[in-house]
Protein chains: 2
Amino acid sequence: MNPGENAMKIGELAARTGVSVRSLRYYERQGLLTPLREANGYREYSPLAVETVETIKLYLNLGLSTEEIAGFLHCVLKNKEAFCAEVMPLYRSKLEEIERQIVELSQIRLNLQQRMAAMQQEQMESGTTERGTAELENS
Amino acid sequence: MNPGENAMKIGELAARTGVSVRSLRYYERQGLLTPLREANGYREYSPLAVETVETIKLYLNLGLSTEEIAGFLHCVLKNKEAFCAEVMPLYRSKLEEIERQIVELSQIRLNLQQRMAAMQQEQMESGTTERGTAELENS
DNA sequence: CTTGACCCTGACACTGGTGTCAGGGTTTAT
DNA sequence: ATAAACCCTGACACCAGTGTCAGGGTCAAG
């Protein structure tokens, strides 16, 4: 009945979450995870740590950095997301950033597609003018 | 009439192309640019170097790396792109990569939008169940 | 001869999460 | 007591292009 009854060590947490031992230590250094220590210095994780790590994975997959996650993880672990004031502005700016990136990539895609089409044209026609690297200027 | 008549030094090339001196030296180390050297060790660029740098910029803007560019720059500087065999496969794989990235970002965008919508819902309704971080799972 | 504007090389920093190695302790089972 | 399987910390590498600093030449104008 004492606390730490079914605590686990880092290897087990890694196995349960699919996150490498290396990454778990990194998350700790970033302030996302704060395990107790056994007398021998080994990290001691409560069963709740599994949920915490899953939550961290979820936010990392959204493109948030560990530093950003650190700003609200504590809150979302005990409340619904909607009641953590830090989350919404972060989502907003992240969404804008993602959209900027999509626009940028779309422009590159268009440029590539046009250049490829032009190349195939020229290979068909095979041979009139010379030099032509810079006419489809750029993004 | 001797060669090097209107050659320029690195600072002038940087000014004409808008590329930093630092980057010009980097391009050289990557094998993209091979200026002569004056007796004092200064780099000596022919006027053609301006075009070369513009071409490099163009390909960098397409998302190609200096290493990739090095593989075909020589060819495209003297022929039309269409006649450089290395270019098309590179464009193809780059296009695929870009499209993968766009898909990935689009998924994140959707996930963010859904979470934001859900948060606003919950704030309206304000208050029934508890805990809800992981229901819109992830990308 | 001095000042200032150029030029040279080499090297570290940054981004950010992860792999991996070195060098060393602990625990458990045989 | 020894081997195997864990655990610990600290540090370098990666990607890739750019900024920036240190420490030092070169050259032209005053």
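Side-chain atoms are counted along with the backbone in the values below, which use heavy atoms only and exclude waters and symmetry mates. The chains referred to below are lettered A, B, ... by the order of the sequence lines, with proteins before strands, and numbering in each begins at 1.
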- State the CD1-CD distance between A/I10 and A/E12, to the nearest 0.5 angstrom. 12.0 Å

- Using a cut-off of strictly less than 4.0 Å, decide whether B/R43 has a side-chain nitrogen or oxygen near OP1 or OP2 of C/dC7. no

- Check: A/K94 side chain, A/G63 main-chain N or O, donor-acceptor pair, under 3.5 Å: yes

- Between atom CD in A/E38 and atom P in C/dT26, what is the gap in whole Å? 13 Å

- Verify the contact: side-chain N or O of A/Y27 to OP1 or OP2 of C/dG17, cut-off strictly under 4.0 Å; return yes or no. no

- May I ask you to say whether A/K57 pairs ionically with A/E54, meaning some side-chain N is under 4.0 Å from a carboxylate O? yes

- Task: Report yes if at least one side-chain N or O of B/S23 is closer than 4.0 Å to OP1 or OP2 of D/dT18; otherwise report no.
- Result: yes

- Side-chain N or O of B/T66 less than 4.0 angstrom from OP1 or OP2 on D/dG17? yes

- Task: Provide, to the nearest angstrom, the distance between the NZ atom belonging to B/K9 and the C1' atom belonging to C/dA5.
- Result: 10 Å

- Message: Membership question, hydrophobic clusters at under 4.5 Å side-chain separation (ILVMFWY): are B/Y27 and B/Y42 in the same one?
- Response: no

- Query: Counting just side-chain N and O atoms, does A/Y26 come under 4.0 Å of either OP1 or OP2 of C/dG17?
  - Reply: yes

- Item | Spacing of B/E12 atom CD relative to C/dA5 atom C1', expressed in whole Å | 14 Å

- In whole angstroms, the gap separating C1' of C/dT18 from CD1 of A/I56 amounts to 15 Å

- Item | Rounded distance in Å - OH (B/Y59) to P (D/dA16) | 19 Å

- note: A/L64, atom CG; C/dG17, atom C1'; distance rounded to Å ~ 14 Å

- Task: Using only side-chain N and O atoms of B/S20, determine if any of them is under 4.0 Å from OP1 or OP2 of D/dG19.
- Result: yes

- CG of B/L24 versus P of D/dT18: gap in Å, rounded? 9 Å

- Note on the structure: Heavy-atom nearest nucleotide on DNA chain C taken for A/S65 and for B/I10; more 5' hit belongs to B/I10

- From CD of B/E44 across to P of D/dC27 the rounded distance in Å is 13 Å

- Please determine if a side-chain N or O atom of A/R22 lies less than 4.0 Å away from the OP1 or OP2 oxygen of C/dT20. no

- Using a cut-off of strictly less than 4.0 Å, decide whether B/N40 has a side-chain nitrogen or oxygen near OP1 or OP2 of C/dC8. no

- B/Q30: which of B/T66, B/I56, B/L73 passes side-chain contact (heavy atoms from CB on, under 4.5 Å): B/T66

- Message: If the cut-off is 4.0 Å, is B/R37 near the phosphate of C/dT9, judged by side-chain N/O to OP1 or OP2?
- Response: yes

